[in-house]
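Everything on this sheet refers to the single structure shown next.
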Amino acid sequence: MFQIYNTLTRKKEIFKSLKEGEVSIYACGPTVYNMPHIGNYRTFLMTDNLVRTLEYLGYKVKLVMNITDIDDKTIRDSKAVGMSLKDFTDRYTAEFFKGLDMLNIKRASTYPRATENVDGMIELAQKLIDKGLAYEKDGSIYYRISGFPNYGKLSKIDFDNIIIGASVDVDEYDKDNPRDFALLKASTPEEIERGIYYESIWGKIRPGWHIECSVMAMNSFGPTLDIHTGGVDLIFPHHENEIAQSEGATGKPFVYTWVHGEHLIVEGEKMSKSKGNVFTLPEIVRKYGGEVVRFMFLSVHYRKKLDYSDAFAENAKNNYLRLKETLDNLEFALASAEDAAYPEDGEVLKALPEIENHFRGALEDDFNTPKAVTVFRDLSRTINKYLESGKNRQVLEKLHSLYRQFSDVLGLFAEAGKEEIPENVMKLVEEREAARKNKEWAISDALREKIKSLGYIVQDTKEGQNVKKVEY
RNA sequence: GUCAGAAUGGCAGAGUGGCUAUGCCUCCGGCUGCAACCCGGAGAUACGUGAGUUCGAUUCUCACUUCUGACUCCA
């Protein structure tokens, strides 16, 4: 039974999908205006873990993630570098996808773009106007918050207690109520000159930010969906506004379960440009490798802050490599497995179902990946122990299949076993083999050093030399 | 001010109403020609403070302190 924490109720709830066996998820994707940083990816990875967990538990998952390719920031920054909006956002969209691959994040079913859904936004705005929930002012369309009594149900913000001035731009005299937000914005002369506008009955407009998600989510799934994900900072106002737009227009519940990922901080502080502690994904991946970064994120629960530091990354790397080592050694052992039975076979096989139950239980509990990782480590130890002396083919295959199942759910070791050892290295290994046969230890050790300098490590086992690439 | 979350050993970080993982680090033993990997063992006064519930709390409740975040573009 899958349980998941719902921001709407601030409780862990037993998950029940609208359609038996199927889950619809809408995830707030990137605004493509710069290199995404590791914090952005933590949130995307959270959604990936949720998807993988649901699939592991037998659901068919449809994930839709939007790409915001038109908003204040994309317009501003594309101009600053003298690019068209499209060229500019295409560039960062490509970067975004590269990052997904670095972390082995599964692709969503679709990635709708805001610019491709403006018609739908105009329609939705019109519908809200017809219902008295939106109004036009100076060519822009605003949502009338006072018309939607449920406003605030997600964020639980008491708007009577908001310090006006601290939170609301008092200069926004063009709205009826300072908290009303823009659905569509009148294009400025400059935007029009750059071709950034769409025709409407209210004149030339371009989308605000919040409306795109309501439109794309409902286009993909209809008025109601199972799960909506995003970072905690989106709870207010973005997701609150999505609810107001969607439920205001349809009168139906928009989302049953809201899932929000906590932020990543750096050495105890929020990442911010002014502090100079913003890390992009490629920077970190270059240093530690994509899967180590993934593992690092997995080892902290998504509703807890992750305090990034070099020490933490190193820690994750060591843990990761240890688990990877088990897989390597297991596969190496498999190559020389035997059909004979070993005394420890039965004991190992008996332990597996329990381990598997623990693993499933961890993920069923609000997709608790750190707990799942611990179970993964338990399995690793069990395997290492068996490898000490046992080498029955059937047992090894069973261990391998379970280990692989776990690693797949966690999205780890995607490339394992695919690395080819270069010829020149293999040649040295063969030379070393000969030297070892003749007990020429000096030569053997020199060759080991040489191989190491080429980035490979050799381990001597009863079954011969095991060669592997040194990782980071 | 309102709404959240967090406080665990030298470090990093899970987790739990009664026994606290794991990794790094140090040491010992096994394995090895020597290593590496792996296994076993040992080390360290660890659960923010004060109350309460309880036979028993690090774990639940309340308060306090400190920190972080949201309330303004933000994953």
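What you are looking at is a predicted structure, and each value in this text was computed from that prediction instead of being measured. Every heavy atom of this structure was used, including side-chain atoms; hydrogens, water molecules and symmetry mates were not. The sequence lines fix the lettering, A, B, ..., with proteins before strands; numbering per chain opens at 1.
- Counting non-hydrogen atoms of neighbouring residues, nucleotides and ligands closer than 6.0 angstrom, the NZ atom of A/K398 reaches no more than 12 such neighbours.
- Rounded to whole Å, the P atom of B/C27 lies 14 Å from the corresponding atom of B/A35.
- Between the P atom of B/A75 and the NZ atom of A/K270 lies a distance of 10 Å, rounded to the nearest Å.
- Along RNA chain B, the nucleotide nearest to A/E262 and the one nearest to A/P370 differ in position, and the one closer to the 5' end is contacted by A/P370.
- The local environment of CD in A/E354 is sparse, with at most 12 non-hydrogen atoms from other residues, nucleotides or ligands closer than 6.0 Å.
- A straight line from CG of A/L154 to P of B/C3 spans 15 Å, rounded to a whole angstrom.
- Looking only at atom types and distance, the side chain of A/E331 has a donor-acceptor partner in the side chain of A/H400 under 3.5 Å away.
- Remark: C1' of B/C74 and NE2 of A/H260 are 13 Å apart, rounded to the nearest angstrom.
- Taking atom C1' on both nucleotides, B/C25 is separated from B/G9 by 12 Å, rounded to a whole Å.
- In the region residues 29-42 of chain A, proximity to RNA chain B at under 4.0 angstrom, judged on heavy atoms, holds for A/H37, A/G39, A/N40.
- The separation between A/D48 atom CG and B/A75 atom P is 19 Å, rounded to whole Å.
- Rounded to the nearest Å, the gap between the P atom of B/U45 and that of B/A6 is 29 Å.
- Contacts of A/M65 with the nucleic acid, taken as non-hydrogen atoms under 4.0 Å apart, are absent.
- At the phosphate of B/G15, neither OP1 nor OP2 sits under 4.0 Å from any side-chain N or O atom of A/R377.
- Applying the salt bridge (Lys or Arg N to Asp or Glu O under 4.0 Å) test to A/K452 and every residue at least two apart in sequence or in another chain returns nothing.
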How does RNA chain B look in dot-bracket notation if pairs are Watson-Crick or G-U with both distances under 3.5 Å, crossing ones as [ ], other-strand ones as |?
-> (((((((..(((.....[...)))((((((.......))))))....(((((..]....))))))))))))....
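- For A/D90, the salt bridge (Lys or Arg N to Asp or Glu O under 4.0 Å) partners two or more places apart in sequence, or in a different chain, are A/K86.
- Here, B/G13 and B/U8 have their P atoms 9 Å apart, quoted to the whole Å.
- Note on residues 371-382 of chain A: pairs passing salt bridge (charged side-chain N to carboxylate O under 4.0 Å, His left out), not counting sequence neighbours, are A/D365-A/K371.
- For the pair A/F236 CZ and B/A4 P, the interatomic distance rounds to 15 Å; values are reported in whole Å.
- Between the side chains of A/H260 and A/T7, a donor-acceptor pair is found at a separation under 3.5 Å.
- In this view, A/E338 and A/Y342 satisfy the side chain to side chain donor-acceptor pair (under 3.5 Å) rule, not counting sequence neighbours.
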Sequence neighbours excluded and cut-off under 3.5 Å, please list the side-chain donor-acceptor pairs for residues 303-311 of chain A, or say none.
unit_1, atom_1, unit_2, atom_2, d
A/R303, NE, A/D366, OD2, 2.9
A/R303, NH2, A/D366, OD2, 2.6
A/D307, OD1, A/E267, N, 2.8
A/D307, OD1, A/G268, N, 2.8
A/D307, OD2, A/G268, N, 3.3
A/S309, OG, A/F312, N, 3.1
A/D310, OD1, A/K287, NZ, 3.3
A/D310, OD1, A/Y288, OH, 3.3

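- Spacing of C1' atoms, B/A75 relative to B/G18, comes out at 41 Å, to the nearest Å.
- A straight line from NE2 of A/H263 to P of B/C3 spans 21 Å, rounded to a whole angstrom.
- Applying the side-chain contact (heavy atoms from CB on, under 4.5 Å) rule to A/D72 yields the partners A/K185, A/R206; only residues at least two apart in sequence or on another chain are considered.
- Listed by chain and residue number, nothing satisfies the salt bridge (Lys or Arg N to Asp or Glu O under 4.0 Å) test with A/R360 (two or more places apart in sequence, or in another chain).
- Atom name C1', nucleotides B/A7 and B/U49: the rounded distance is 11 Å, in whole Å.
- A heavy atom closer than 4.0 Å to some atom of RNA chain B occurs in A/S299, A/V300, A/K304, A/K305, A/D307, A/F312, these being the qualifying members of residues 294-314 of chain A.
- In this model, no donor atom of one side chain and acceptor atom of the other lie less than 3.5 Å apart for A/H238 and A/N241.
- Counted by atom type alone, A/T461 and A/N466 present zero donor-acceptor pairs between their side chains at under 3.5 Å.
- Applying the 4.0 Å criterion to OP1 and OP2 of B/A14, one finds that A/N319 has every side-chain N and O outside that range.
- B/C71 atom P lies 10 Å from atom CG of A/L234, rounded to whole Å.
- Here A/Y111 and A/F97 bring their ring centres to under 6.0 angstrom of each other.
- For B/G23, its base sits under 3.5 Å from the side chain of A/N315 at one donor and acceptor pair at least.
- If you take atom P in B/U22 and the same atom in B/G15, they sit 15 Å apart, rounded to whole Å.
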Determine, for nucleotides 30-39 of chain B in 5'-to-3' order, which nucleotides have protein heavy atoms under 4.0 Å from the base (write B), from only the sugar-phosphate (write S), or from neither (write -).
-> ---BBBBSBS
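- Look at CE on A/M271: it is 16 Å from C1' on B/A70, rounded to the nearest Å.
- Using P as the reference atom, B/G33 and B/G48 are 49 Å apart when rounded to the nearest Å.
- In this structure, A/K469 has no salt bridge (Lys or Arg N to Asp or Glu O under 4.0 Å) partners at least two apart in sequence or on a different chain.
- Residue contacts for A/L387: at a heavy-atom cut-off of 4.0 Å it reaches no nucleic acid atom on any strand shown.
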Report the C-alpha distance between A/Y92 and A/Y33 in whole Å, list the side-chain angles of each, state the deciding distance to 0.1 Å, and finish with yes or no for ring pair (Phe, Tyr, Trp, His ring centres under 6.0 Å).
-> CA-CA 6 Å; A/Y92 288 113; A/Y33 73 112; 7.9 Å; no
